[in-house]
Amino acid sequence: MKTELHVPSDLKFLTIVESWLLGSLEVALEDSVDWQRQSSRLRLALVEAYSNVVRHAHRDQPNLPILIRLELKERDIALEIWDHGKGYDITNYNQPSPEAKQESGYGWLIMQKLMDRVEYRLQINGRNCLKMETSLPKTDE
């Protein structure tokens with residue numbers, strides 16, 4: 001299954017984005033997944049990615065659209081978030097230390113912990129792409 005969503009750069013659309021992702025997956029996989037456990041993980045990873053685009057990549061430019069693509073092959077999920085911002089050089093990322101007590105900078109770390117693979121590509125045809133991948137375990141696993 002492949003599907004995509006074009007959505008404005010506005011946090012007011014966050015619940016729509018979450019509902020689209022979880023609804024699409026639930027229709028495709030039905031009750032073969034423990035949604036109570038998996039939906040929180042997927043929701044948090046998506047919220048981090050989407051809100052980073054709104055707050056940083058598209059800051060002060062709510063007219064720029066965000067494209068979210070979902071691909072499901074059996075139980076493997078690939079989720080792409082495309083933006084039009086100037087991009088972020090991920091090699092400059094410094095993982096926050098618990099002692100620093102910083103208020104931001106945890107998004108990348110959170111996404112890496114929640115998903116099996118996270119990749120960020122700068123400027124592909126004028127857009128940036130954050131790709132997150134994971135496999136959903138069966139209900140009885």
Side-chain angles (χ1 to χ4, degrees), residues 1-59 61-141:
M1 179 226 6
K2 288 183 182 181
T3 184
E4 62 184 41
L5 177 69
H6 296 261
V7 63
S9 292
D10 191 324
L11 291 177
K12 289 185 236 171
F13 288 86
L14 194 51
T15 51
I16 292 169
V17 169
E18 291 176 82
S19 296
W20 167 81
L21 173 66
L22 296 173
S24 298
L25 291 171
E26 286 176 20
V27 164
L29 295 168
E30 298 175 336
D31 60 355
S32 67
V33 172
D34 181 350
W35 291 114
Q36 194 168 0
R37 294 182 80 184
Q38 297 302 319
S39 65
S40 297
R41 164 174 86 109
L42 297 172
R43 180 180 282 124
L44 182 54
L46 179 61
V47 165
E48 282 298 328
Y50 179 77
S51 62
N52 277 349
V53 170
V54 172
R55 290 187 180 120
H56 303 293
H58 290 179
R59 179 183 20 227
Q61 298 178 79
N63 58 318
L64 292 176
I66 298 171
L67 168 63
I68 305 172
R69 285 192 178 128
L70 170 64
E71 185 173 347
L72 176 68
K73 290 181 184 169
E74 295 182 21
R75 308 185 75 72
D76 298 331
I77 296 171
L79 188 61
E80 296 179 348
I81 295 87
W82 291 82
D83 71 71
H84 295 272
K86 78 171 190 181
Y88 177 75
D89 183 356
I90 202 68
T91 59
N92 292 333
Y93 175 74
N94 293 318
Q95 184 172 318
S97 70
E99 303 82 38
K101 296 182 181 172
Q102 48 184 100
E103 291 185 22
S104 64
Y106 292 93
W108 182 254
L109 180 64
I110 289 169
M111 290 183 283
Q112 296 241 315
K113 296 288 183 191
L114 294 172
M115 304 299 274
D116 298 334
R117 186 167 173 258
V118 181
E119 172 185 292
Y120 182 69
R121 294 174 290 173
L122 283 171
Q123 294 301 308
I124 303 162
N125 297 325
R127 297 186 297 172
N128 306 300
C129 179
L130 173 71
K131 185 174 185 178
M132 300 184 287
E133 297 174 325
T134 194
S135 277
L136 293 174
K138 289 186 178 175
T139 305
D140 58 348
E141 289 182 18

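No hydrogens, no waters, no symmetry mates; every other heavy atom, side chains included, goes into these values.
- To the nearest 0.5 Å, atoms CD1 (Ile110) and CZ (Arg41) are separated by 14.5 Å.
- Although no hydrogens or angles enter the test, the distance criterion places no donor-acceptor pair under 3.5 Å between the side chain of His58 and the main chain of Asp83.
- Counting heavy-atom neighbours within 6.0 Å of Arg121 CZ, excluding the residue itself, gives a total above 12.
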Q: Check the pair Trp20 / Glu18 against side-chain hydrogen bond (donor to acceptor under 3.5 Å, both in side chains), numbers first and verdict last.
A: CA-CA 5 Å; Trp20 167 81; Glu18 291 176 82; over 6 Å; no
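- Ionic pairing of Lys2 and Glu4 is not present here: no N-O contact between side-chain nitrogen and carboxylate oxygen is shorter than 4.0 angstrom.
- No side-chain heavy atom of Ser51 sits under 4.5 Å from any side-chain heavy atom of His56.
- Nearest heavy-atom pair across Ser24 and Met1 is O-CE, 4.0 Å.
- Looking at residues two or more places apart in sequence or on another chain, you find a side chain to side chain donor-acceptor pair (under 3.5 Å) between Gln123 and Asn128.
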Q. Taking it one step at a time, do Ile81 and Cys129 satisfy side-chain contact (heavy atoms from CB on, under 4.5 Å)?
A. CA-CA 6 Å; Ile81 295 87; Cys129 179; over 6 Å; no
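- Of all heavy-atom pairs spanning Arg75 and Leu29, the tightest one is NH1-CD2, 4.3 Å.
- Using a 4.5 Å heavy-atom threshold, the side chains of Trp108 and Leu130 count as touching.
- A donor and an acceptor atom, one from each side chain of Ser9 and Arg59, are nowhere located under 3.5 Å apart.
- Atom CG of Asp31 sits in a sparse spot, with 12 or fewer heavy atoms from other residues, nucleotides or ligands closer than 6.0 Å.
- Put simply, CG on Leu5 and CD1 on Ile16 are 8.5 Å apart, with the number rounded to the nearest 0.5 Å.
- Side-chain contact between Val7 and Pro65 is absent, with no heavy atoms from C-beta onward closer than 4.5 Å.
- Paired with Leu42 under the rule side chain to side chain contact (heavy atoms under 4.5 Å, CB included), one option of Val47, Leu136, Val33 passes, and it is Leu136.
- Arg69 and Thr3 share no donor-acceptor pair across their side chains, judged by distance under 3.5 Å alone.
- In this structure, CD1 in Ile77 is found 4.5 Å from CG in Leu25, a value given to the nearest 0.5 Å.
- Remark: Glu71 engages Lys73 in a salt bridge, criterion side-chain N to carboxylate O under 4.0 Å.
- Rounding to the nearest 0.5 Å gives a distance of 5.0 Å between OG1 of Thr134 and CE of Met115.
- No side-chain heavy atom of Leu14 sits less than 4.5 Å from a side-chain heavy atom of Val54.
- From Arg117, atom CZ reaches atom CE of Met111 across 14.0 Å, with rounding to the nearest 0.5 Å.
- The shortest non-hydrogen separation linking Pro8 to Tyr50 is O-OH, 2.8 Å.
- Contact check on Glu119 versus Lys131 returns no salt bridge, with no Lys/Arg side-chain nitrogen under 4.0 Å from an Asp/Glu carboxylate oxygen.
- Nearest heavy atom pair, residue Ala45 against residue Leu114, reads N-CD1, 3.7 Å.
- In this structure, CG on Leu70 lies 10.0 Å from CD on Glu80, to the nearest 0.5 angstrom.
- A donor-acceptor pair is defined here as one N or O able to donate and one able to accept, closer than 3.5 Å; such a pair exists between the side chain of Trp35 and the backbone of Glu30.
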